Amino acid sequence: MTPKPTLAVVGATGAVGSVMLQMLTHHADVWGEIRLLASPRSAGRKAAVRGEECEILALSEEALEGVDLALFLVPAAVAARWAPVAAVKGAVVVDTSAAFRADTDVPLVVPETNAHAARVRPRGIVASPGSTTLALIVAVGALHAEFGLTELVVTAQQAASGAGAGRAGVEALRAQLGLVAGRGDLGTHPGDVRRAVGENTGPFDGPLALNVLPWSGTAGADGASSEEERVRDETRRILGLPALRVAATCVRVPVVTGHSVSVHARFEHPVPLARANEIIATSPGVVLYDDPAAGDFPTPADVVGTDPAWVGRVRRSMDDERALDFFVCADNLRKGAALNALQIAESVVTAL
(Lines give C-alpha, C1' and ligand atoms only; values in the text may rest on other atoms or scores of the structure.)
Protein backbone atom coordinates (compact mmCIF):
# COMPACT_ATOMS: atom_id res chain seq x y z
CA MET A 1 0.00 0.00 0.00
CA THR A 2 1.14 3.54 -0.73
CA PRO A 3 2.03 5.26 2.56
CA LYS A 4 -0.09 8.19 3.57
CA PRO A 5 1.49 11.60 2.86
CA THR A 6 3.37 13.55 5.49
CA LEU A 7 1.78 16.86 6.46
CA ALA A 8 3.55 19.83 8.02
CA VAL A 9 1.51 22.47 9.85
CA VAL A 10 3.65 25.59 9.88
CA GLY A 11 2.38 28.05 12.50
CA ALA A 12 0.78 25.35 14.63
CA THR A 13 0.72 27.50 17.78
CA GLY A 14 -1.04 30.54 16.29
CA ALA A 15 -4.74 31.36 16.36
CA VAL A 16 -5.40 29.73 12.97
CA GLY A 17 -3.01 26.89 13.78
CA SER A 18 -4.99 25.97 16.88
CA VAL A 19 -8.16 25.78 14.81
CA MET A 20 -6.34 23.71 12.18
CA LEU A 21 -5.29 21.10 14.74
CA GLN A 22 -8.92 20.73 15.85
CA MET A 23 -10.01 20.26 12.24
CA LEU A 24 -7.33 17.68 11.52
CA THR A 25 -8.60 15.73 14.50
CA HIS A 26 -12.19 15.69 13.22
CA HIS A 27 -11.69 15.43 9.45
CA ALA A 28 -11.11 12.18 7.58
CA ASP A 29 -7.66 10.82 8.43
CA VAL A 30 -5.88 11.04 5.07
CA TRP A 31 -2.48 11.93 6.54
CA GLY A 32 0.41 9.85 7.75
CA GLU A 33 2.80 11.79 9.95
CA ILE A 34 1.62 15.24 11.00
CA ARG A 35 4.58 17.46 11.79
CA LEU A 36 3.92 20.61 13.86
CA LEU A 37 6.25 23.52 13.17
CA ALA A 38 6.47 26.99 14.68
CA SER A 39 9.00 29.65 15.64
CA PRO A 40 12.03 28.62 17.73
CA ARG A 41 10.49 30.12 20.86
CA SER A 42 7.67 27.56 20.65
CA ALA A 43 9.96 24.58 20.01
CA GLY A 44 9.62 21.83 22.59
CA ARG A 45 6.06 22.66 23.54
CA LYS A 46 3.36 20.04 23.02
CA ALA A 47 0.08 20.28 21.12
CA ALA A 48 -2.67 17.72 20.63
CA VAL A 49 -3.72 16.49 17.20
CA ARG A 50 -5.68 13.32 16.36
CA GLY A 51 -5.77 12.50 20.07
CA GLU A 52 -1.98 12.48 20.47
CA GLU A 53 0.45 14.92 22.05
CA CYS A 54 3.00 16.06 19.48
CA GLU A 55 6.13 18.06 20.09
CA ILE A 56 6.43 21.40 18.32
CA LEU A 57 9.53 21.63 16.13
CA ALA A 58 11.30 24.82 15.11
CA LEU A 59 10.74 25.77 11.48
CA SER A 60 13.91 24.85 9.62
CA GLU A 61 15.09 23.23 6.40
CA GLU A 62 15.67 19.98 8.28
CA ALA A 63 12.12 20.01 9.68
CA LEU A 64 10.74 20.33 6.13
CA GLU A 65 12.59 17.26 4.83
CA GLY A 66 10.27 14.52 3.62
CA VAL A 67 7.12 16.65 3.81
CA ASP A 68 4.56 15.99 1.07
CA LEU A 69 2.22 18.89 1.85
CA ALA A 70 2.86 21.95 4.00
CA LEU A 71 0.13 24.17 5.40
CA PHE A 72 1.50 27.65 6.04
CA LEU A 73 -0.56 29.50 8.68
CA VAL A 74 1.92 32.28 9.34
CA PRO A 75 2.41 35.99 8.57
CA ALA A 76 3.31 36.92 5.01
CA ALA A 77 6.97 37.64 5.79
CA VAL A 78 7.49 34.14 7.20
CA ALA A 79 5.62 32.52 4.31
CA ALA A 80 7.61 34.48 1.73
CA ARG A 81 10.85 33.20 3.29
CA TRP A 82 9.95 29.57 3.96
CA ALA A 83 7.20 28.49 1.54
CA PRO A 84 9.58 28.41 -1.47
CA VAL A 85 12.02 26.37 0.64
CA ALA A 86 9.33 23.79 1.36
CA ALA A 87 8.35 23.71 -2.32
CA VAL A 88 11.96 23.17 -3.44
CA LYS A 89 12.17 20.24 -1.04
CA GLY A 90 9.21 18.65 -2.83
CA ALA A 91 6.23 19.68 -0.74
CA VAL A 92 3.05 21.17 -2.14
CA VAL A 93 2.51 24.35 -0.14
CA VAL A 94 -0.89 25.79 0.79
CA ASP A 95 -0.40 29.30 2.12
CA THR A 96 -3.01 31.38 3.97
CA SER A 97 -1.04 34.64 4.02
CA ALA A 98 -1.04 37.45 1.48
CA ALA A 99 2.51 36.64 0.35
CA PHE A 100 1.58 34.91 -2.93
CA ARG A 101 -2.04 35.88 -3.63
CA ALA A 102 -1.10 38.31 -6.41
CA ASP A 103 1.49 36.00 -7.99
CA THR A 104 0.17 34.81 -11.35
CA ASP A 105 2.22 31.60 -10.98
CA VAL A 106 0.38 30.77 -7.77
CA PRO A 107 -3.28 29.74 -8.07
CA LEU A 108 -5.70 31.43 -5.68
CA VAL A 109 -8.23 28.79 -4.72
CA VAL A 110 -11.61 28.38 -3.06
CA PRO A 111 -12.54 24.70 -3.56
CA GLU A 112 -16.29 25.32 -3.84
CA THR A 113 -15.70 27.90 -6.58
CA ASN A 114 -12.53 27.16 -8.57
CA ALA A 115 -11.05 23.88 -7.32
CA HIS A 116 -9.63 23.15 -10.79
CA ALA A 117 -7.16 26.03 -10.39
CA ALA A 118 -5.13 24.09 -7.82
CA ARG A 119 -4.08 21.49 -10.41
CA VAL A 120 -1.52 23.79 -12.05
CA ARG A 121 1.14 24.92 -9.56
CA PRO A 122 4.21 26.33 -11.36
CA ARG A 123 5.87 27.26 -8.07
CA GLY A 124 4.51 24.36 -6.06
CA ILE A 125 2.39 26.79 -4.01
CA VAL A 126 -1.38 27.29 -3.74
CA ALA A 127 -2.68 30.45 -2.08
CA SER A 128 -5.81 30.79 0.00
CA PRO A 129 -7.68 34.13 -0.13
CA GLY A 130 -8.16 36.51 2.76
CA SER A 131 -10.85 35.95 5.36
CA THR A 132 -13.17 38.70 4.08
CA THR A 133 -13.12 37.37 0.54
CA LEU A 134 -13.74 33.85 1.84
CA ALA A 135 -16.79 34.99 3.79
CA LEU A 136 -18.58 36.19 0.66
CA ILE A 137 -17.07 34.44 -2.35
CA VAL A 138 -18.88 31.08 -2.26
CA ALA A 139 -22.36 32.65 -2.30
CA VAL A 140 -21.31 35.33 -4.79
CA GLY A 141 -19.64 32.75 -7.01
CA ALA A 142 -22.71 30.53 -7.11
CA LEU A 143 -24.93 33.48 -8.05
CA HIS A 144 -22.41 34.58 -10.69
CA ALA A 145 -22.57 31.16 -12.34
CA GLU A 146 -26.32 31.63 -12.83
CA PHE A 147 -26.76 35.34 -13.50
CA GLY A 148 -23.35 36.75 -14.54
CA LEU A 149 -21.83 39.15 -12.01
CA THR A 150 -21.05 42.66 -13.30
CA GLU A 151 -20.55 44.73 -10.14
CA LEU A 152 -19.96 44.14 -6.44
CA VAL A 153 -20.31 46.62 -3.57
CA VAL A 154 -19.43 45.29 -0.13
CA THR A 155 -19.00 46.60 3.40
CA ALA A 156 -17.08 44.21 5.61
CA GLN A 157 -17.43 44.26 9.39
CA GLN A 158 -14.19 42.58 10.42
CA ALA A 159 -13.65 40.86 13.77
CA ALA A 160 -10.76 41.59 16.12
CA SER A 161 -9.25 38.14 15.56
CA GLY A 162 -8.54 39.16 11.97
CA ALA A 163 -5.96 41.71 13.17
CA GLY A 164 -2.51 41.36 14.66
CA ALA A 165 -2.04 37.68 13.75
CA GLY A 166 -5.26 36.82 15.54
CA ARG A 167 -4.29 36.59 19.18
CA ALA A 168 -2.99 40.17 19.44
CA GLY A 169 -6.28 41.60 18.14
CA VAL A 170 -8.39 39.54 20.53
CA GLU A 171 -6.17 40.35 23.50
CA ALA A 172 -6.34 44.07 22.72
CA LEU A 173 -10.14 44.01 22.42
CA ARG A 174 -10.57 42.09 25.68
CA ALA A 175 -8.23 44.50 27.48
CA GLN A 176 -10.19 47.48 26.18
CA LEU A 177 -13.49 45.91 27.20
CA GLY A 178 -12.09 45.53 30.71
CA LEU A 179 -11.24 49.22 30.81
CA VAL A 180 -14.73 50.35 29.77
CA ALA A 181 -16.79 47.76 31.66
CA GLY A 182 -19.11 49.28 34.24
CA ARG A 183 -18.56 52.80 32.96
CA GLY A 184 -22.16 53.62 32.15
CA ASP A 185 -21.37 57.17 31.12
CA LEU A 186 -18.92 56.22 28.36
CA GLY A 187 -19.90 56.89 24.78
CA THR A 188 -21.86 60.01 25.60
CA HIS A 189 -19.15 62.67 25.17
CA PRO A 190 -16.56 63.29 22.45
CA GLY A 191 -13.35 61.37 23.11
CA ASP A 192 -14.45 59.79 26.39
CA VAL A 193 -13.97 56.21 25.14
CA ARG A 194 -10.55 57.08 23.73
CA ARG A 195 -9.48 58.57 27.05
CA ALA A 196 -10.74 55.52 28.98
CA VAL A 197 -8.88 53.10 26.73
CA GLY A 198 -5.68 55.14 26.54
CA GLU A 199 -3.05 55.12 23.84
CA ASN A 200 -2.26 51.39 23.94
CA THR A 201 -4.79 50.17 21.40
CA GLY A 202 -2.80 47.14 20.21
CA PRO A 203 -2.96 46.46 16.46
CA PHE A 204 -5.85 48.90 16.01
CA ASP A 205 -5.63 52.55 15.00
CA GLY A 206 -7.97 53.64 17.78
CA PRO A 207 -10.20 52.23 20.53
CA LEU A 208 -12.29 49.28 19.33
CA ALA A 209 -14.37 48.77 22.46
CA LEU A 210 -17.71 50.65 22.18
CA ASN A 211 -16.56 51.78 18.75
CA VAL A 212 -16.00 50.85 15.10
CA LEU A 213 -12.94 51.72 13.03
CA PRO A 214 -13.41 52.41 9.30
CA TRP A 215 -9.88 51.31 8.46
CA SER A 216 -8.18 47.95 8.12
CA GLY A 217 -4.79 47.18 6.64
CA THR A 218 -2.27 49.64 5.23
CA ALA A 219 -2.59 52.58 2.86
CA GLY A 220 -3.31 51.68 -0.75
CA ALA A 221 -4.02 53.73 -3.84
CA ASP A 222 -6.45 56.66 -3.97
CA GLY A 223 -7.45 56.39 -0.31
CA ALA A 224 -8.27 52.68 -0.33
CA SER A 225 -6.77 50.32 2.24
CA SER A 226 -4.80 47.19 1.42
CA GLU A 227 -7.66 45.07 2.79
CA GLU A 228 -10.13 46.74 0.43
CA GLU A 229 -7.82 46.30 -2.53
CA ARG A 230 -7.42 42.61 -1.64
CA VAL A 231 -11.16 42.01 -1.67
CA ARG A 232 -11.31 43.46 -5.18
CA ASP A 233 -8.22 41.71 -6.53
CA GLU A 234 -8.98 38.32 -4.96
CA THR A 235 -12.59 38.31 -6.12
CA ARG A 236 -11.52 39.12 -9.67
CA ARG A 237 -8.93 36.32 -9.71
CA ILE A 238 -11.14 33.63 -8.19
CA LEU A 239 -14.10 34.35 -10.47
CA GLY A 240 -11.96 34.96 -13.56
CA LEU A 241 -13.37 38.46 -14.00
CA PRO A 242 -10.34 40.76 -14.33
CA ALA A 243 -12.45 43.84 -15.12
CA LEU A 244 -15.13 43.31 -12.45
CA ARG A 245 -16.17 46.57 -10.80
CA VAL A 246 -15.71 46.20 -7.03
CA ALA A 247 -16.21 48.76 -4.28
CA ALA A 248 -15.18 47.60 -0.81
CA THR A 249 -15.16 49.27 2.60
CA CYS A 250 -13.56 47.41 5.51
CA VAL A 251 -14.60 48.32 9.05
CA ARG A 252 -13.13 46.79 12.22
CA VAL A 253 -15.86 46.06 14.79
CA PRO A 254 -15.77 44.95 18.45
CA VAL A 255 -16.48 41.28 17.70
CA VAL A 256 -14.00 38.62 18.82
CA THR A 257 -14.40 36.18 15.91
CA GLY A 258 -16.67 36.21 12.87
CA HIS A 259 -16.59 38.54 9.88
CA SER A 260 -19.83 39.94 8.47
CA VAL A 261 -20.28 41.41 4.99
CA SER A 262 -23.11 43.48 3.56
CA VAL A 263 -23.23 42.62 -0.16
CA HIS A 264 -24.78 44.45 -3.11
CA ALA A 265 -24.25 42.37 -6.25
CA ARG A 266 -25.37 43.40 -9.73
CA PHE A 267 -25.74 40.90 -12.57
CA GLU A 268 -26.16 40.76 -16.34
CA HIS A 269 -29.68 39.37 -16.06
CA PRO A 270 -32.70 40.03 -13.82
CA VAL A 271 -32.57 38.05 -10.58
CA PRO A 272 -35.76 36.24 -9.50
CA LEU A 273 -35.62 36.22 -5.72
CA ALA A 274 -36.94 32.67 -5.38
CA ARG A 275 -34.25 31.36 -7.73
CA ALA A 276 -31.53 33.31 -5.91
CA ASN A 277 -32.63 31.78 -2.61
CA GLU A 278 -32.60 28.32 -4.16
CA ILE A 279 -29.06 28.79 -5.44
CA ILE A 280 -27.78 30.02 -2.09
CA ALA A 281 -29.56 27.28 -0.16
CA THR A 282 -28.13 24.49 -2.33
CA SER A 283 -24.56 25.79 -2.66
CA PRO A 284 -21.91 23.75 -0.81
CA GLY A 285 -20.37 25.59 2.10
CA VAL A 286 -23.31 27.99 2.46
CA VAL A 287 -26.33 28.01 4.78
CA LEU A 288 -29.37 30.16 4.01
CA TYR A 289 -30.82 31.46 7.29
CA ASP A 290 -33.34 34.08 6.38
CA ASP A 291 -36.59 34.88 8.13
CA PRO A 292 -36.16 38.39 9.56
CA ALA A 293 -39.78 38.59 10.76
CA ALA A 294 -39.02 35.66 13.07
CA GLY A 295 -35.65 37.08 14.08
CA ASP A 296 -33.78 34.56 11.94
CA PHE A 297 -30.68 36.04 10.30
CA PRO A 298 -26.98 35.36 10.75
CA THR A 299 -24.86 37.24 13.27
CA PRO A 300 -21.20 36.66 14.12
CA ALA A 301 -22.10 35.70 17.69
CA ASP A 302 -24.25 32.86 16.37
CA VAL A 303 -22.01 31.49 13.60
CA VAL A 304 -18.65 31.54 15.43
CA GLY A 305 -17.20 28.04 15.65
CA THR A 306 -19.07 26.80 12.57
CA ASP A 307 -17.72 26.04 9.12
CA PRO A 308 -20.20 27.46 6.56
CA ALA A 309 -20.85 30.97 5.37
CA TRP A 310 -24.31 31.92 6.67
CA VAL A 311 -26.45 34.10 4.41
CA GLY A 312 -29.55 36.10 5.33
CA ARG A 313 -31.46 39.30 4.56
CA VAL A 314 -31.60 38.21 0.90
CA ARG A 315 -33.65 40.68 -1.13
CA ARG A 316 -33.76 42.09 -4.61
CA SER A 317 -32.52 45.65 -4.74
CA MET A 318 -35.41 48.06 -4.32
CA ASP A 319 -34.51 50.02 -7.45
CA ASP A 320 -32.76 47.47 -9.66
CA GLU A 321 -34.17 44.13 -10.82
CA ARG A 322 -30.67 42.98 -11.76
CA ALA A 323 -29.22 43.53 -8.29
CA LEU A 324 -29.37 41.48 -5.11
CA ASP A 325 -28.61 42.55 -1.54
CA PHE A 326 -27.74 40.16 1.26
CA PHE A 327 -25.82 39.78 4.53
CA VAL A 328 -23.28 37.03 5.15
CA CYS A 329 -21.38 35.93 8.26
CA ALA A 330 -18.51 33.46 8.59
CA ASP A 331 -15.98 32.44 11.22
CA ASN A 332 -12.81 34.13 9.95
CA LEU A 333 -10.52 31.59 11.65
CA ARG A 334 -12.35 28.59 10.20
CA LYS A 335 -13.69 29.08 6.65
CA GLY A 336 -11.84 32.38 6.61
CA ALA A 337 -8.48 30.62 7.00
CA ALA A 338 -8.02 27.10 8.39
CA LEU A 339 -10.92 25.31 6.70
CA ASN A 340 -10.27 26.65 3.21
CA ALA A 341 -6.59 25.73 3.46
CA LEU A 342 -7.43 22.24 4.67
CA GLN A 343 -10.01 21.78 1.91
CA ILE A 344 -7.35 22.72 -0.65
CA ALA A 345 -4.86 20.34 0.96
CA GLU A 346 -7.32 17.45 0.99
CA SER A 347 -8.19 18.02 -2.67
CA VAL A 348 -4.51 18.19 -3.64
CA VAL A 349 -3.47 15.09 -1.68
CA THR A 350 -5.91 12.87 -3.56
CA ALA A 351 -3.92 13.63 -6.71
CA LEU A 352 -0.42 13.20 -5.22
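Heavy-atom basis, side chains included; hydrogens, waters and symmetry copies ignored. Predicted model, so just to flag it, every value in this text is computed and none were measured.
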Legend entry - Distance-only side-chain donor-acceptor flag, S97 / D95, under 3.5 Å: yes
Legend entry - Min side-chain heavy-atom separation L273-L324 under 4.5 Å: yes
Inset, instruction - Could you please spell out the steps behind the side chain to side chain contact (heavy atoms under 4.5 Å, CB included) verdict for L149 and E151? - result: CA-CA 6 Å; L149 185 67; E151 184 175 3; over 6 Å; no
Legend entry - With sequence neighbours excluded, residues passing side chain to side chain contact (heavy atoms under 4.5 Å, CB included) with Q22: R334
Inset, instruction - Report the residues that fulfil ring-ring contact (aromatic ring centres under 6.0 Å, His included) with F267, sequence neighbours left out, ordered by chain and then residue number. - result: F147
Legend entry - Donor-acceptor under 3.5 Å (D331 side chain, G305 main chain): yes
Legend entry - salt bridge (charged side-chain N to carboxylate O under 4.0 Å, His left out) contacts in which one or both residues fall within residues 6-26, not counting sequence neighbours: none
Legend entry - Lys/Arg N to Asp/Glu carboxylate O, E268 vs R322, below 4.0 Å: no
Inset, instruction - Taking R167 for its side chain and G14 for its backbone only, find out whether a donor-acceptor pair lies under 3.5 Å. - result: yes
Inset, instruction - Kindly state each residue pair satisfying side-chain hydrogen bond (donor to acceptor under 3.5 Å, both in side chains) with at least one member in residues 244-254, sequence neighbours excluded. - result: S216-R252
Legend entry - Distance-only donor-acceptor check, side chains S262 and T155, under 3.5 Å: no
Inset, instruction - Taking R101 for its side chain and P107 for its backbone only, find out whether a donor-acceptor pair lies under 3.5 Å. - result: no
Inset, instruction - Could you check if a side-chain atom of V126 sits within less than 4.5 angstrom of a side-chain atom of V93, using non-hydrogen atoms only? - result: no
Inset, instruction - Enumerate the residue pairs fulfilling salt bridge (charged side-chain N to carboxylate O under 4.0 Å, His left out) with a member in residues 41-60, sequence neighbours excluded, ordered by first and then second residue. - result: D29-R50
Legend entry - By ring-ring contact (aromatic ring centres under 6.0 Å, His included) - contacts of F297 (at least two apart): none
Legend entry - side-chain hydrogen bond (donor to acceptor under 3.5 Å, both in side chains) against T25, all qualifying residues, sequence neighbours excluded: none
Legend entry - With R119 via side chain to side chain contact (heavy atoms under 4.5 Å, CB included) - residues at least two apart: H116
Inset, instruction - Quick one: closest heavy-atom pair of A309 and V328, and the distance? - result: CB-CG2, 3.9 Å
Legend entry - Residues which pass side-chain hydrogen bond (donor to acceptor under 3.5 Å, both in side chains) with T133, listed by chain and number, not counting sequence neighbours: E234
Inset, instruction - Kindly indicate whether the side chain of V304, heavy atoms from C-beta on, has any atom under 4.5 Å from the side chain of V256. - result: no
Inset, instruction - Could you tell me whether R266 and D320 make a salt bridge, using a distance below 4.0 angstrom between a side-chain N and a carboxylate O? - result: yes
Legend entry - Pair E227 + R232, salt bridge at N-O below 4.0 Å: no
Legend entry - pair D290-D296: side-chain heavy atoms closer than 4.5 Å: no
Legend entry - Polar side-chain atom of E112 near backbone of G285 as donor-acceptor pair, under 3.5 Å: no
Inset, instruction - Kindly indicate whether the side chain of I56, heavy atoms from C-beta on, has any atom under 4.5 Å from the side chain of L37. - result: no
Inset, instruction - Answer with yes or no whether the side chains of S161 and N332 bring together a donor and an acceptor at under 3.5 Å. - result: yes
Legend entry - Student check: side-chain heavy atoms of L7 and D68 closer than 4.5 Å: no
Inset, instruction - Looking only at non-hydrogen atoms, find the nearest pair between A323 and H264 and report the distance. - result: CB-CE1, 3.6 Å
Inset, instruction - List the atom of L173, the atom of A160, and the distance in Å for their closest heavy-atom pair. - result: CD2-CB, 3.8 Å
Inset, instruction - For side chain to side chain donor-acceptor pair (under 3.5 Å), just list the numbers for Q158 and T132, CA-CA rounded to whole Å, side-chain angles, deciding distance to a tenth of an Å, and then say yes or no. - result: CA-CA 7 Å; Q158 298 176 316; T132 301; 2.8 Å; yes
Legend entry - Side-chain donor-acceptor pair present, H27, E346, cut-off under 3.5 Å: yes
Legend entry - Distance-minimising heavy-atom pair for A115 and V109: CA-CG1, 4.3 Å
Legend entry - Side-chain donor/acceptor of S42 to backbone N/O of A38, under 3.5 Å: no
Legend entry - Side-chain donor or acceptor of W310 paired with backbone N/O of G312 under 3.5 Å: no
Legend entry - Backbone of A221 reached by a side-chain donor or acceptor of E229 within 3.5 Å: yes
Inset, instruction - May I have all residue pairs that pass side-chain hydrogen bond (donor to acceptor under 3.5 Å, both in side chains) and include part of residues 76-90, sequence neighbours excluded? - result: E65-K89
Legend entry - Pair listing, side-chain hydrogen bond (donor to acceptor under 3.5 Å, both in side chains) test, anchored in residues 183-207, at least two apart: none
Inset, instruction - Sorted by first residue and then second, give each salt bridge (charged side-chain N to carboxylate O under 4.0 Å, His left out) pair with at least one member in residues 123-132; sequence neighbours left out. - result: D103-R123
Inset, instruction - Compare all side-chain heavy atoms of L134 with those of S128 and state whether any distance is below 4.5 angstrom. - result: yes
Legend entry - Check: F204 and N211 side chains under 4.5 Å, non-hydrogen atoms: no
Inset, instruction - Check for a donor-acceptor pair, side chain of T113 on one end and backbone N or O of L239 on the other, with a separation under 3.5 Å. - result: no
Legend entry - S226 side chain vs T218 backbone, donor-acceptor pair below 3.5 Å: yes
Legend entry - Intermediate values then yes/no, side chain to side chain contact (heavy atoms under 4.5 Å, CB included), L24 and W31: CA-CA 9 Å; L24 286 167; W31 307 103; 3.7 Å; yes
Inset, instruction - Over all heavy atoms of both residues, which pair between F100 and P84 is shortest? Give the atoms and the distance, please. - result: CZ-CD, 4.0 Å
